[in-house]
Amino acid sequence: MLYNQPNPLEVKVLSRRFTLPNSQSIETYLANDGYKALEKALGMTQDQIIDEVKASGLRGRGGAGFPTGLKWSFVPRQSPKPKYIVVNADESEPGTCKDRLLIEYDPHQLIEGVIIAGQAVGAEQGYIYIRGEYRYLIDVMDRAIDEAYARGVLGDNVMGSGRKFHLASHSGAGAYECGEESALLESFEGKRGNPRIRPPFPAVAGCYQSPTILNNVETFCAVPAIFLNGGAYFAGLGSPKNGGTRLFCLSGHVNKPGVYELPMGFNLMRMINEVGGGVRGGKKLKAVIPGGSSCPVLKADECDIAMDYDSVAAAKSMLGSGGVVVMDEDTCMVNAALRIMKFYAHESCGWCIPCREGTTWLKKLLTRFHEGMGQRSDIVLIGDLSKNMLGRTFCPLGDAAAMPTIAFVEKFKDEFEAHLDGKPCPYEKSNRMVAA
Amino acid sequence: MTFSPELEARFEKFLAKYPADRKRSAVIPMLIYGQDEVGAITDELINEVAKRTGATPLQVTEVVGFYSMLHRKPQGKYHVQVCTNISCLLVGGAELWEQACKKTGLGHKETSKDGLISLEEVECMGACSWAPAVQVNYDFYHDVTPEQLDKLIDGLAAGKKPEQIAEVTKVSC
Ligand SMILES: Cc1cc2nc3c(=O)[nH]c(=O)nc-3n(C[C@H](O)[C@H](O)[C@H](O)COP(=O)(O)O)c2cc1C
Ligand code: FES
C-alpha cells in the first residue's frame with residue numbers, strides 16, 4: 001500500500017518499484033533490474049566506481065549535500081585497517097519521512113547501493129543504523145539481508161566474485177543527535193550519542209576509528225541507478241551540479257501531502273501547487289521550510305526557486321533533508337519557531353555549552369514571547385543569542401537550531417511584535433500550542 | 001538473569017554482528033530489545049548486558065540515560081505516543097495531544113494505575129507527510145483524527161488489541 005497517490009510530474013527512479021506487488025522481496029527485485037548494477041560494478045576498478053559516482057553529480061541526501069563521489073575518494077584505501085560502510089537510517093529531522101519508504105518498499109535497492117560502496121573502497125562489512133522507532137523496518141531489513149545471503153549476494157563470495165561483503169542492521173534507541181554522523185558512530189559503538197571533534201572525518205577515522213563511508217539511506221539507494229544507466233544519465237536527470245532525482249516529503253498545509261520523487265531543481269511553487277495540490281482550504285501561502293526544520297524558512301514571495309542545493313542556498317536557506325513544510329496564512333510563526341526550538345532544546349545532547357544553554361534559553365525566550373510576556377528587546381536578544389551559537393558548537397546541531405530561528409525573527413518581525421504587550425497570540429484559534 | 005529463548009537467540013545474533021573485540025556495539029540493541037521483554041531497564045538487565053558485552057555496568061547505565069526510548073520505570077502495556085512536532089502541529093497534532101490527555105486523564109510520561117496505557121508527547125517520528133501521527137508501542141497510525149484517537153484509547157482500555165479496533169488501522173507492516 002502506498003501512502004499517497006503518485007503524481008504524473010514525478011520522475012520515478014528510486015521509487016520505481018514501490019508499487020510492484022511484493023516489492024520488498026528479492027524475487028521482485030531481481031525481476032526488475034535488481035543486482036545488475038552490482039554485477040557491473042564488480043567488473044570495475046575502485047577508481048572507475050568512484051569516477052562514475054562523481055560523474056553522476058550525486059550529492060548526499062542526509063542534509064548537507066556533500067558530493068558523494070568526492071566523499072568516497074577521501075577514504076584512504078591503502079590503509080591497513082578494515083574499511084566500513086555505514087548507512088544513516090536515523091531519519092529524525094522534523095519534516096522528513098522518505099528513508100522510511102525507501103526501506104519499507106525497496107530494501108534490496110539499499111543493500112545493492114551499500115555493496116557497491118563497499119567495492120569502491122575495499123570494505124567487507126556494512127552496518128545500517130536504524131532509528132529505534134522504526135522497529136518494523138529493522139524486521140524488513142533483516143528479512144532482505146537474509147534473502148541476499150541466501151542468494152549469495154552477501155557473504156564470503158559476493159555473486160561469485162570471490163569478494164566478501166557482510167551487512168547487518170543496528171537499532172538506535174531514540175536520539176535525534178545520533179543522526180549526526182560522528183554521534184551516530186559513537187552510539188554505534190555502544191556509547192552515549194555525543195559528537196566527536198572533526199576532523200578527522202569518518203572517511204579517515206569513522207566506525208571503530210577505521211576508514212568509513214557514511215551516507216544517508218537515499219544516497220545509497222541512488223547508487224544502483226547510477227551504475228545501471230551510467231553517471232551521465234543520472235546527472236542529466238537533475239540540474240547542473242545537482243544530479244538525479246530526490247524524494248521530497250511534502251507536509252503541512254497542502255491538499256495532497258506525501259512523498260514525491262521529482263528531479264533536482266524542480267520549482268518549489270510548482271511542487272506546492274501542481275504536486276501538492278495547492279494550499280489547503282484555498283488559503284494563501286505564508287511560508288515554507290524547504291528542507292526539514294533546520295533550514296531557514298522562506299517567505300511566500302521567496303518560493304519561486306529551483307529545488308536544488310545551490311539555488312536554495314542562493315535564497316539563503318538549505319535543501320536539507322527534503323522535508324518541505326508548507327504553512328498557510330493563518331500559521332503563527334512565533335509558535336512555529338517555538339515548537340522547533342523545543343525540539344532542539346530537547347535533543348541537544350548537552351555535550352557543548354553553546355548548544356545546551358543556547359537552545360534552552362531560546363526556548364524560554366520564545367515561550368515567554370508566545371505567551372504574550374515578551375519585551376521588544378527580546379526580539380533582538382533572540383537574534384543575537386542565535387547568532388552567537390553559529391559555528392561555536394561541537395556539531396552542527398547548534399547551527400541547526402540557530403539558523404531557522406534567525407530567519408523566523410528577521411522575516412516575521414511583525415508577528416513577533418504582534419505578540420508584545422500582553423496581547424494574545426493573533427492566530428490562537430487556528431494554531432494552538434501545548435504547554436511546555 | 002533468564003530471558004525467553006527468542007530473546008536469547010536474538011542476543012546471540014546481535015553479539016555475532018560485531019568484531020570480536022567490539023561487542024560493546026551490542027549494548028543499545030540489547031537494551032532496547034531487552035527492555036521490551038523485561039518491561040523496563042532494570043539493574044539486573046544492565047548487569048547482564050554489561051557482562052555479555054564486556055562493558056562495565058556504569059558504562060551501560062550512562063547509556064540508558066541518553067536515549068529517549070530507554071526507561072528505568074515500566075510504561076503502560078500500550079505506550080501511546082503523539083507527535084506534536086512541526087508537520088504534525090500544523091495539522092492538529094497539538095489538539096490530538098490535548099485530546100489524548102483529556103481522554104486518559106494522564107499527562108506526559110504518565111501511566112494509568114492499571115498499567116494498561118501510558119502517554120508521551122514525542123518528537124518527529126518520520127510520518128510527517130501523513131500527519132498527525134501516533135505510535136502505539138512500535139505501530140504507526142497516520143492521519144489520526146481526535147475521534148479516531150478516542151476510539152483507539154477506548155478500545156485499548158476495554159482490553160482490545162490494537163488490531164481489533166476497527167475504527168483505526170495500523171499502517172506499519
Ligand atoms: C543534528 C544532526 C542530525 C542529523 N540527522 C541526520 C539523519 O537523521 N539522517 C541523515 O542521513 N543525516 C543526518 N545528519 C547528517 C549527517 O551528519 C551526515 O552528514 C549524513 O548522514 C551524511 O550522508 P550524506 O552525505 O549521504 O548526506 C544530521 C546532522 C546533524 C548535524
Ligand atoms: S512532525 Fe510529526 S511525524 Fe514528523
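Proteins come first, then strands; the chains are lettered A, B, ... in the order of their sequence lines, and each starts at number 1.
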With a 4.5 angstrom heavy-atom cut-off, could you sort out which part of [X] is near chain A: side chain, backbone, both or neither?
X      : answer
B/E62  : both
B/A127 : both
B/D36  : side chain
B/V122 : backbone

Handout entry: chain A-proximal positions within residues 100-119 of chain B [heavy-atom distance under 4.5 Å]
Key = none
Examine whether an atom of [X] lies under 4.5 Å from a heavy atom of chain B, and if so say whether it belongs to the side chain, the backbone or both; otherwise answer neither.
X      : result
A/V326 : backbone
A/D328 : neither
A/Y260 : neither
A/V259 : both
A/L167 : neither
A/H166 : neither
A/E347 : side chain
A/C349 : both
A/Y127 : side chain

Exercise for the section: For each of A/P94, A/S92, A/A168, tally heavy-atom pairs with chain B at distances under 4.5 Å, and name the one with the top tally. Expected result: A/P94
Practice task
Could you have a look at A/C178, A/G323, A/P257, A/G193 and say which one has the most heavy-atom pairs with chain B under 4.5 angstrom?
Solution key: A/G193
Do [X] and [Y] pair up side chain to side chain, a donor and an acceptor below 3.5 Å, judged on atom types alone?
X      : Y      : value
B/E121 : B/T84  : yes
A/D106 : A/Q24  : no
A/Y129 : A/S169 : no
A/E104 : A/Y136 : yes
A/Y176 : A/E93  : yes

Establish, for the pair [X] and [Y], whether the NZ or CZ atom is under 6.0 angstrom from the six-membered ring centre and no further than 45 degrees off its axis.
X      : Y      : answer
A/R100 : B/F140 : yes
B/R24  : B/Y18  : no
A/R131 : A/Y134 : yes

Practice task
Would you mind telling me which of B/Y138, B/F14, B/F11 makes a ring-ring contact (aromatic ring centres under 6.0 Å, His included) with B/Y33?
Solution key: B/F14
Handout entry: Residue among B/P19, B/A55, B/A26 with most heavy-atom pairs under 4.5 Å to chain A
Key = B/P19
Exercise for the section: Flag the one option from B/Q35, B/K23, B/E123 with the top tally of heavy-atom pairs under 4.5 Å to chain A. Expected result: B/E123
Problem - Intermediate values then yes/no, salt bridge (Lys or Arg N to Asp or Glu O under 4.0 Å), A/E177 and A/R192 - result: CA-CA 10 Å; A/E177 175 58 5; A/R192 294 168 72 86; over 6 Å; no
Handout entry: Verdict with reasoning, A/N194 to A/E186, per side chain to side chain donor-acceptor pair (under 3.5 Å)
Key = CA-CA 7 Å; A/N194 294 324; A/E186 283 292 293; over 6 Å; no
Practice task
Starting at CZ of A/F408, measure out to OG1 of A/T405 and round the result to the nearest 0.5 Å.
Solution key: 7.5 Å
Handout entry: Side chain to side chain, A/E124 and A/I85, heavy atoms closer than 4.5 Å
Key = no
